[in-house]
Q: 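Structure below; questions to follow.
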Amino acid sequence: MTGTRIAALGHYQPAKVLTNEDLAALVDTSDEWIRTRVGIRTRHVAGPEEPVDELAAQAGAKALASAGVAPQDVDLVLVATSTAIDRSPNMAARVAAKLGMGSPATMDVNVVCSGFTHALAIADHAVRAGSAERALVIGADKMAEIADWTDRSTCVLVGDGAGAAVVEAGDEQGIGPVLWGSVPDMGHAVRIEGTPPRFAQEGQSVYRWATTQLPPIARRVCEKAGVTPEELAAVVLHQANLRIIEPVAAKIGAVNAVIARDVIDSGNTSAASIPMALSKLVERREIPSGAPVLLFGFGGNLSYAGQVIRCP
């Protein structure tokens, strides 16, 4: 088995921005109410001409360009999403077609908010086992399409976007071992159900679980990677809610780390949130190349998955 690394990242967001003031015209809310409770100021919303695969392809193309990799040199495409309406061709196959790839394996991964970190682990395993040489891993979601725009407790949270990573073999292990799991009997706390599908959650249950149960799990992710929380250069949690991100990051003990807070400008973009936030931090050069970064996804199914990666 060989090592793996993230060679490059990319992200994409639709042009349309929805502000808190815009939402106040739709439901009984205000800018102060939203910022106080979830920390969000704006979010991007895709139109009907931008389905999930289009968001994913835009982010994927940017990641490939940044890595200097031709689409034909990718032999595995993984798209983490829970908002794709169409079943076949799946989003990964549509992305491969849009980007002009040859004959890659194409799989969608639905683990909702922790989908990207699950998919990254799958790509890591595939490359290290020799099943693939280079993978394109994308988190893409169109949460606005499944939002209930009459429910102020959930519609204020969501946004649309995509983030992508190119994973390839390396001399050293740049993607640490994954720690993943779930709480199946609490899966009902986050739901995307019905026809048409709609997003709903039990906010207080999710908040209590995230702020009490997840910090020790995240510290175990660091232990598996042989890194202490104090050594982390950055922490990129699922961008669910600023009131979850900040206490969880504090309890992890990453006192020297940059904490991703992209939720402020992008809202909760589900599987897109971690790669998009990481891509922006790297683009702004806020993390040194080669520095350890904790990625930790959590949410739907009450699933979680995390790993420590080395910044590209």
Side-chain angles (χ1 to χ4, degrees), residues 1-7 9 80 111 113-125 127-128 137 139 163 165 167 170-183 206-263 271 273-282 285-299 301-312:
M1 298 179 75
T2 185
T4 55
R5 69 186 186 104
I6 294 178
L9 299 151
V111 203
C113 312
S114 60
F116 178 79
T117 44
H118 277 83
L120 182 62
I122 294 168
D124 167 46
H125 299 164
V127 173
R128 286 196 292 124
V137 184
V167 174
D171 294 332
E172 298 180 357
Q173 190 58 25
I175 301 174
V178 67
L179 178 62
W180 49 15
S182 67
V183 187
V206 174
Y207 176 82
R208 285 192 298 270
W209 172 71
T211 56
T212 61
Q213 302 302 309
L214 295 183
I217 298 173
R219 289 194 295 270
R220 285 172 54 204
V221 174
C222 296
E223 290 174 14
K224 286 175 72 74
V227 173
T228 67
E230 293 80 8
E231 292 174 309
L232 293 170
V235 172
V236 185
L237 306 175
H238 166 50
Q239 302 292 289
N241 177 331
L242 202 59
R243 288 183 62 217
I244 291 177
I245 293 167
E246 291 185 333
V248 171
K251 290 178 181 179
I252 291 170
V255 294
N256 299 309
V258 174
I259 309 301
R261 292 179 173 87
D262 189 50
V263 67
S273 77
I274 287 177
M276 198 159 65
L278 177 61
S279 177
K280 291 179 183 182
L281 289 175
V282 172
R285 299 186 178 180
E286 294 188 36
I287 313 172
S289 177
V293 179
L294 172 65
L295 309 182
F296 194 75
F298 57 88
N301 313 312
L302 291 202
S303 291
Y304 56 85
Q307 57 270 101
V308 174
I309 61 110
R310 295 285 167 173
C311 182

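These figures come from a predicted structure and were not determined experimentally.
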Q: For the pair Asn241 (side chain) and Arg243 (backbone), establish whether a donor and an acceptor sit closer than 3.5 Å, ignoring hydrogens and angles.
A: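 Yes, because the side chain of Asn241 sits within donor-acceptor range (under 3.5 Å) of the backbone of Arg243.
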Q: Please report the interatomic distance OH(Tyr304) to CH2(Trp209), rounded to the nearest 0.5 Å.
A: 8.0 Å
Q: How would you list, by chain and number, every residue that makes a ring pair (Phe, Tyr, Trp, His ring centres under 6.0 Å) with Phe298, sequence neighbours excluded?
A: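 With sequence neighbours excluded, Phe298 shows a ring pair (Phe, Tyr, Trp, His ring centres under 6.0 Å) to His238, given in chain and number order.
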Q: Counting distance only, does the side-chain N/O of Thr211 pair as donor-acceptor with the main-chain N or O of Tyr207 below 3.5 Å?
A: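 Confirmed, Thr211 side chain pairs with Tyr207 backbone.
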Q: Minimum heavy-atom separation for Ala291 to Ala233, with atom names?
A: CB-CB, 3.5 Å
Q: If I compare all heavy atoms of Ala277 with all of Ala260, which pair ends up nearest, and what's the gap?
A: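 Closest approach of Ala277 to Ala260, heavy atoms only: CB-CB, 4.1 Å.
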Q: Hey, mind stepping through Ile287 and Cys311 against side-chain contact (heavy atoms from CB on, under 4.5 Å) and telling me if it holds?
A: CA-CA 7 Å; Ile287 313 172; Cys311 182; 3.8 Å; yes
Q: Mind checking the CD-CG spacing from Glu286 to Leu278? Nearest 0.5 Å is all I need.
A: 11.0 Å
Q: Just by distance, do the side chain of Gln239 and the backbone of Val263 share a donor-acceptor pair under 3.5 Å?
A: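 Such a contact is found between Gln239 side chain and Val263 backbone.
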Q: Would Asp124 and Thr4 count as having a side-chain donor-acceptor pair, cut-off 3.5 Å?
A: yes
Q: I'd like to check Leu294 versus Val236 (side-chain heavy atoms, cut-off strictly below 4.5 Å). Are they in contact?
A: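 Side chain of Leu294 against side chain of Val236, heavy atoms only: no contact under 4.5 Å found.
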Q: Ala210 and Pro215: which non-hydrogen atoms are nearest, and at how many Å?
A: O-CD, 3.5 Å
Q: Stepwise, does the side-chain contact (heavy atoms from CB on, under 4.5 Å) test hold for Ile309 with Gln307?
A: CA-CA 6 Å; Ile309 61 110; Gln307 57 270 101; 4.0 Å; yes
Q: What is the ring orientation for His125 with Trp180, classed by angle as parallel under 30°, tilted 30 to 60°, or perpendicular over 60°?
A: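 Because their plane-to-plane angle is over 60°, the rings of His125 and Trp180 count as perpendicular.
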Q: Please step through side-chain contact (heavy atoms from CB on, under 4.5 Å) for the pair Gln173 and Arg5, ending with a clear verdict.
A: CA-CA 6 Å; Gln173 190 58 25; Arg5 69 186 186 104; over 6 Å; no
Q: Can you give me the closest heavy-atom contact between Ala119 and Val137, atom names plus distance?
A: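 Scanning both residues, the minimum pair turns out to be CB-CG1, 3.7 Å.
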Q: Would you call Arg261 and Glu246 a salt bridge, using N to O less than 4.0 angstrom?
A: yes
Q: As an exercise, state the distance from CD1 of Ile252 to CG of Leu237, rounded to the nearest 0.5 Å.
A: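 The CG atom of Leu237 is 5.0 Å from CD1 of Ile252, to the nearest 0.5 Å.
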Q: Quick one: pull up CZ in Arg219 and NZ in Lys251 and give me the separation to the nearest 0.5 Å.
A: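 It comes to 9.5 Å.
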Q: Please tell me if the side chains of Leu9 and Ile6 come closer than 4.5 Å, counting only heavy atoms from C-beta onward.
A: yes
Q: With a 4.5 Å cut-off on side-chain heavy atoms, are Ser303 and Ser114 touching?
A: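 Result yes, sub-4.5 Å side-chain heavy-atom pair found.
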Q: Within the structure provided, determine whether Val293 and Val235 are in side-chain contact (heavy-atom separation under 4.5 Å).
A: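 Val293 vs Val235: side chains apart.
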Q: Drop me the distance from Phe296's CZ to Thr117's OG1, to the nearest 0.5 angstrom.
A: 8.0 Å
Q: Quick one, Leu232 with Asn256, criterion side-chain contact (heavy atoms from CB on, under 4.5 Å). Give me CA distance, side-chain angles, the key distance, then yes/no.
A: CA-CA 7 Å; Leu232 293 170; Asn256 299 309; over 6 Å; no
Q: CG/Leu281 to CG/Asp262 distance, rounded to the nearest 0.5 angstrom?
A: 8.0 Å
Q: Are the side chain of Arg310 and the backbone N or O of Gly290 linked by a donor-acceptor pair below 3.5 Å?
A: yes
